[in-house]
Amino acid sequence: MEYNFRDIEKKWQAQWKASGAYKVSNDSPKPKFYVLDMFPYPSGVGLHVGHPLGYIASDIYSRFKRLKGFNVLHPMGYDAFGLPAEQYAIDHGVHPAVSTDQNISNFRRQLDNIGFCFDWDREFRTSDPKYYKWTQWIFLQLFHSFYNRITKKADHIDNLVKAFEKEGNAGHEIPHDKYQIAKTGKRVFSAAEWAGFTEKEQQDILMEYRLAYCGYGEVNWCEALGTVLANDEVVNGVSERGGYPVVKKKLRQWYLRITEYADRLLEGLDRIEFSESMKEMQTNWIGKSYGAEITFNIQGNSDKLTVYTTRPDTIFGVDFMVIAPEHALIKDITSSKQQQAVEEYVEYVQSRSERERMAEKKISGVFTGAYAINPFNGRQIPIWISEYVLAGYGTGAIMAVPCGDERDHKFANHFNIAITNIIGSEYDGKEANATKDAKLENSDFLNGMVMRNAMEVVIQKIEELGIGVRKVNYKMRDAAFSRQRYWGEPFPIKWQHGIAYPMAESELPLELPHVESYKPGPEGEGPLANIPAWTSRELETNTMPGYAGSSWYFLRYMDPQNDSEFCSRKASDYWGQVDLYIGGTEHAVGHLLYSRMWTKALFDLGFIGHDEPYKKLVNQGMIQGSSRFVYRIHGTNKYVSLGLKDQYATDAIHVDVNIVDGVELDVEAFKKWRSDYETAEFILEDGKYICGTEVEKMSKRLYNTVNPDDVVNKYGADTFRMYEMFLGPVEQSKPWETKGIEGTHRFLKKLWRLFYDETKGKVWNEDKATPAELKVLHKTIKKIEEDTERFSFNTGVSAFMVCVNELIELKCNKKEILESLLIILTPYAPHVSEELWHLLGNTTSILDAAFPKLNESYLVESSKEYPISVNGKLRTTIEISLDATQEEVEKIALGNEVVQKWMEGKPHKRVIFVKGKMVNVVV
RNA sequence: GCGCAUGUGGUGAAAUUGGUAGACACGUCAGACUUAGGAUCUGAUGCCGCGAGGUAUGGGGGUUCGAGUCCCUCCAUGCGCACCA
């Protein structure tokens with residue numbers, strides 16, 4: 001009886017499907033555990049061996065938890081809206097729904113091959129109206145909400161209206177700190193004023209508070225293509241396709257007011273298990289900084305200049321001001337003498353793309369001719385313009401302190417501006433020193449103070465004098481939440497007289513209409529603008545972005561068929577947080593931040609009971625490709641083997657890894673691979689053609705992709721699963737080598753032979769296990785338990801190998817041992833485990849077996865072979881009882897002839913003895 | 001430039017708290033069985049050396065009886081951010 005993995009795997013996959021083995025109930029007395037993989041986008045090119053890595057890890061963990069007695073939710077579905085499907089539709093005329101459908105069935109077929117324990121009854125796709133009905137519904141909740149800064153929670157907009165009716169907006173400042181009410185030019189209004197506003201005026205104001213709001217924002221507009229492009233479709237200021245110029249264009253956009261959640265998104269990081277680097281990426285993205293806004297008078301002008309600084313303590317070191325070229329003050333303060341120079345500079349800056357400006361390292365700028373006045377000492381401070389100051393951050397203006405800031409220092413040197421030193425010997429005159437620990441000099445009332453401490457003093461003084469305020473700034477912007485595209489969720493919004501009216505929840509879903517053409521609408525609007533039946537209903541023509549559906553999908557899995565709610569409170573209270581989330585790092589600041597924000601909003605509004613979606617995040621590494629090269633001799637169709645290539649002038653050419661066995665090229669397959677190789681000739685070494693290798697990204701273009709279907713077909717799903725894990729730590733990136741898989745395949749065959757021999761047939765028996773055999777088993781149970789729990793699957797696989805090797809050594813074919821081994825192997829290799837489990841006479845599924853209990857008493861040792869060092873160098877080992885005392889060990893060690901030889905007759909200074917570890921004799 | 005991560009045999013890697021470096025595999029070499037082997041099994045395999053032994057975890061330095069592991073410094077690679085005031 002052979003290990004016939006193909007039949008075994010097909011058989012059990014069918015059986016598990018038929019018996020509903022992976023169906024998960026929301027009603028269970030067992031403790032829950034929620035394992036989730038990042039939502040896949042079903043791309044048209046299919047899976048390569050790198051894609052399932054995370055799914056295998058999560059699958060093993062899910063099955064492990066199930067054996068440990070948990071009710072495990074491990075679902076899968078599809079993030080099915082997105083640009084590639086729409087692009088494919090434009091190029092090939094296939095409706096996105098059709099191509100997406102095809103991609104999904106292919107994706108599903110590939111996944112099924114590998115034997116995952118997903119509960120497919122919970123599957124959904126974001127493009128299904130049954131699903132996006134609830135995406136639209138959540139959008140409406142966000143639209144109907146504002147962030148109440150007093151309670152620090154999302155709150156219904158009606159409560160805001162009530163407050164306005166009672167006391168105006170005195171208690172609720174407009175979130176955007178530059179917004180002014182069009183009618184009054186002010187930021188504050190009274191109850192009476194509110195009552196006097198028209199509906200449009202009121203709605204415009206409310207829009208400034210809503211968590212989902214509409215505003216105007218810049219998009220990448222490509223006139224030639226007549227469409228809006230995503231950032232990654234723009235390369236070096238031109239469109240990726242066609243290379244047409246791309247300009248920034250202001251279009252009406254929807255946004256999520258994620259900035260209001262900045263602090264809570266930061267604070268929440270302390271309560272979740274993400275890697276440090278992931279937390280840091282999010283922290284950087286949010287970019288919180290503390291400082292002050294200070295307003296300076298301008299000499300001979302009624303205008304004032306407000307700057308944002310994180311270092312108010314350096315106020316006496318300000319030698320000049322720099323404002324962004326877009327700054328509104330420029331035209332008011334520029335002196336007539338500087339007029340021309342300023343105009344020229346501003347024009348120069350405008351002619352440059354954002355990219356060019358960001359890449360620019362050269363210092364440039366121009367003096368406006370105006371002076372600000374330092375409020376503390378009355379000093380005149382020249383106001384300059386330079387592109388290194390960004391209009392979009394802070395106030396678009398800075399106070400420059402060259403002795404403490406590198407860019408300011410370079411600028412001062414470049415334009416010969418005198419530098420004031422406020423930190424004495426800490427500043428060497430050559431380079432800025434950004435220290436906060438220096439004692440201040442030349443700083444009036446701050447003299448002698450340590451900078452760090454002076455900050456608070458200055459801020460208080462500034463506020464006291466009414467010339468500025470304490471200010472916290474964020475790099476993060478509100479998230480753009482609309483796309484001028486077809487293949488996305490429609491907004492449940494109607495526009496009438498310039499007012500956005502939300503649709504009633506009862507009208508949802510607002511279904512995406514069928515279109516014949518995916519051409520953009522007029523003036524940068526999306527394809528929906530071309531449909532009269534749509535525009536006549538005055539419906540919003542933008543659609544939602546890719547991350548809309550993925551911001552809450554983890555909740556839908558809990559209650560996927562619910563028609564009356566996005567997810568019942570009962571279901572979300574039962575499943576709660578995702579206990580383990582596995583996925584790549586590419587979603588570090590996008591999806592992970594947005595879904596965290598949605599969760600917090602839903603929590604605030606009382607729809608769910610937890611405010612962080614993911615308890616623990618594990619980032620899987622990338623599987624890289626291991627490329628193979630052949631070497632073609634210049635100007636010929638002759639190919640020389642790696643070892644001989646230096647004797648010729650050659651070009652390295654990528655060759656399909658699937659026609660190379662290890663490094664040996666299958667020359668016949670090569671000739672058939674492509675027509676121009678048909679006549680290829682080879683210079684071999686030892687009768688073989690040896691290829692060169694290099695680790696690169698796995699990509700079709702480099703001919704180094706390996707399809708999991710092929711691997712599963714050749715070695716089986718169990719081998720594939722174990723090998724993916726055996727490759728190395730999940731978090732780490734590592735290259736795929738198909739050759740190495742034979743080791744894990746051999747392991748499964750060896751395991752099989754513990755039960756059934758090719759010649760003898762059944763070899764397993766029901767004899768009583770010996771202590772040595774029990775020790776091997778329990779050592780493995782312990783190791784597998786620990787390794788699986790800490791996601792160290794690679795060492796787990798090797799522990800199985802060690803176990804099987806040792807059982808073979810012991811000639812152990814005992815059911816008592818093997819049965820337990822099968823259970824702990826089940827998460828890693830479910831098919832073969834189930835098959836052998838049944839061959840041992842079991843009639844129930846191994847998926848529901850109980851994980852064997854570790855019995856430490858089998859592991860106790862009475863003695864150990866101690867390593868004996870002399871002066872820290874290992875010289876020998878001695879078997880010593882574990883009960884031995886320090887004195888006994890010293891006596892044994894010093895009496896040993898090898899030890900004596902290395903002591904060279906010298907007396908010992910001391911003997912270090914660490915029980916159970918080692919002995920070191922110091923001479 | 002700043003931040004983070006990682007550097008261990010020919011290759012993927014292991015060493016969980018400072019305690020026998022290289023487990024487990026791939027590859028390679030030798031052998032057994034065999035008509036055959038790309039099946040299976042046995043043995044060897046970091047490097048230098050016939051050997052005793054020496055030497056070895058990116059380089060240099062330090063702490064320690066003892067360092068892959070801790071500290072300092074330099075180098076390389078990968079990732080993220082990139083004029084953020």
Side-chain angles (χ1 to χ4, degrees), chain A residues 275-281 283-285 287-289 291 307-311 314 322 324 357-361 363 386-390 392-401 404-408 410-411 434 473-476 585-586 588-589 621-622 624 626 661-664 693 695 723 726-729 731-744 746-747 749-750 753 758 783 786-787 790 792 794-803 805 808 864-877 908-914 916-923:
Chain A
S275 68
E276 285 310 309
S277 64
M278 189 64 59
K279 287 184 183 178
E280 187 164 318
M281 272 188 237
T283 306
N284 287 345
W285 183 261
K288 185 175 188 175
S289 66
V307 302
Y308 172 67
T309 178
T310 55
R311 296 298 302 273
T314 61
V322 187
R357 281 180 65 179
M358 289 202 325
E360 183 61 73
K361 290 274 175 276
I363 297 158
S386 176
E387 61 177 335
Y388 83 84
V389 171
L390 306 176
Y393 184 78
T395 61
I398 63 159
M399 54 180 231
V401 182
D405 182 283
E406 196 192 313
R407 285 159 315 157
D408 297 347
K410 284 190 177 138
F411 194 88
N473 244 315
Y474 300 92
K475 267 202 291 192
M476 185 168 67
T585 49
E586 66 272 21
V589 290
M622 276 216 303
Q624 295 150 309
S626 183
D661 179 28
V663 289
E664 190 187 342
T693 65
V695 172
Y723 183 55
F726 187 59
L727 236 34
E731 299 94 332
Q732 209 171 294
S733 291
K734 59 252 158 181
W736 173 270
E737 280 293 349
T738 302
K739 194 82 183 162
I741 199 170
E742 282 164 20
T744 37
R746 221 164 273 156
F747 156 75
K749 287 203 266 190
K750 283 199 233 173
R753 282 200 297 271
E758 269 154 63
K783 180 89 173 124
E786 285 171 359
D787 286 354
R790 66 188 172 101
S792 181
N794 55 328
T795 53
V797 173
S798 94
F800 284 122
M801 291 174 168
V802 171
C803 176
N805 289 346
I808 290 171
K864 180 186 165 67
E865 193 188 357
Y866 278 94
I868 314 292
S869 304
V870 178
N871 280 343
K873 276 201 193 298
L874 179 74
R875 294 306 180 187
T876 187
T877 59
H908 71 277
K909 244 188 241 159
R910 63 173 162 141
V911 176
I912 312 243
F913 169 54
V914 183
K917 295 276 189 198
M918 46 63 70
V919 178
N920 186 15
V921 179
V922 185
V923 180

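Here is how names work: the chains are called A, B, and so on, in the same order as the sequence lines, proteins then strands, and each is numbered from 1. Everything quoted here is computed from the prediction, not taken from an experiment. All values below were derived from every heavy atom in this structure, side-chain atoms included, with hydrogens, water molecules and symmetry-related copies excluded.
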- Message: Is there a side-chain hydrogen bond (donor to acceptor under 3.5 Å, both in side chains) between A:S733 and A:Q624? Walk through the geometry before answering.
- Response: CA-CA 7 Å; A:S733 291; A:Q624 295 150 309; 5.2 Å; no
- Task: Evaluate the criterion side-chain hydrogen bond (donor to acceptor under 3.5 Å, both in side chains) for residue pair A:N284 and A:K475; output intermediate values, then yes/no.
- Result: CA-CA 8 Å; A:N284 287 345; A:K475 267 202 291 192; 5.8 Å; no
- Name the residue closer to the 5' end of RNA chain B, choosing between A:G740 and A:S792 according to the nucleotide with the nearest heavy atom. A:S792
Measure all distances between protein nitrogen or oxygen atoms and nitrogen or oxygen atoms of nucleotides 18-22 of chain B, and list the pairs falling under 3.5 Å.
from  : atom 1 : to     : atom 2 : distance (Å)
B:U20 : O4     : A:E865 : O      : 3.4

Can you identify which nucleotide, out of [options], has its nearest atom closest to the [X] side chain?
X      : options             : result
A:D787 : B:C81, B:C24, B:U16 : B:U16
A:K783 : B:G12, B:U16, B:G54 : B:U16
A:F726 : B:C41, B:G12, B:C65 : B:G12
A:V389 : B:G12, B:C81, B:A85 : B:A85
A:N794 : B:U55, B:C83, B:A14 : B:A14
A:Y388 : B:C41, B:C83, B:G12 : B:C83
A:P729 : B:G27, B:A14, B:C83 : B:A14
A:T795 : B:C26, B:C65, B:A14 : B:A14

Can you tell if the side chain of [X] reaches within under 4.5 Å of the side chain of [Y], non-hydrogen atoms only?
X      : Y      : result
A:S798 : A:F726 : yes
A:I808 : A:R753 : no
A:V663 : A:K739 : no
A:I363 : A:R407 : no
A:Y723 : A:F747 : no
A:K734 : A:V695 : no

Using atom [atom1] of each nucleotide, how far apart are [N] and [M] to the nearest Å?
N     : M     : atom1 : answer
B:U11 : B:C48 : P     : 15 Å
B:A23 : B:A15 : P     : 13 Å
B:U20 : B:A36 : P     : 47 Å
B:G7  : B:G62 : P     : 24 Å
B:C41 : B:G54 : P     : 38 Å
B:A52 : B:U63 : P     : 34 Å
B:U73 : B:C84 : C1'   : 31 Å
B:G22 : B:U45 : C1'   : 12 Å

Please state how far atom [atom1] in [X] lies from atom [atom2] in [N], giving the value in whole angstrom units.
X      : N     : atom1 : atom2 : result
A:E664 : B:G27 : CD    : C1'   : 13 Å
A:M622 : B:C79 : CE    : C1'   : 10 Å
A:R746 : B:C24 : CZ    : P     : 15 Å
A:F800 : B:A25 : CZ    : P     : 14 Å
A:Y723 : B:A25 : OH    : P     : 14 Å
A:W285 : B:G80 : CH2   : C1'   : 11 Å
A:K750 : B:C41 : NZ    : P     : 6 Å
A:E406 : B:C83 : CD    : C1'   : 10 Å

Is there a side-chain polar atom (N or O) of [X] under 4.0 Å from OP1 or OP2 of [N]?
X      : N     : result
A:Y393 : B:A85 : yes
A:N805 : B:A25 : yes
A:K873 : B:U55 : yes
A:Q624 : B:G78 : no
A:R875 : B:G53 : no
A:R910 : B:C65 : yes
A:K749 : B:U40 : yes

- For residues A:A324 and A:L390, report the shortest heavy-atom separation together with the two atoms involved. CB-C, 4.0 Å
- Task: Might you point out which heavy atoms bring A:M918 and A:N920 nearest each other, and give the distance in Å?
- Result: CE-CB, 3.5 Å
- Verify side chain to side chain contact (heavy atoms under 4.5 Å, CB included) between A:I398 and A:D408, making sure each step is shown before the conclusion. CA-CA 10 Å; A:I398 63 159; A:D408 297 347; 3.7 Å; yes
- Message: As a test of the definition: with a 90° window around 0 for syn, would you call B:G62 syn or anti?
- Response: anti
Just to be sure I understand the rule, does [X] reach a base, reach only the sugar-phosphate, or reach nothing, if contact means heavy atoms closer than 4.0 Å?
X      : result
A:R790 : base
A:D661 : nothing
A:E786 : base

- In terms of heavy-atom contacts, does CD of A:E406 have more than 12 from other residues, nucleotides or ligands at under 6.0 Å? no
- Electrostatic pair A:E786:A:R790 at N-O distance under 4.0 angstrom: no
- Note on the structure: Paired runs of 3 or more consecutive Watson-Crick or G-U pairs involving RNA chain B, with both pairing distances under 3.5 Å, are B:1-7 with B:75-81, B:10-12 with B:24-26, B:27-32 with B:40-45, B:46-48 with B:53-55, B:58-62 with B:70-74
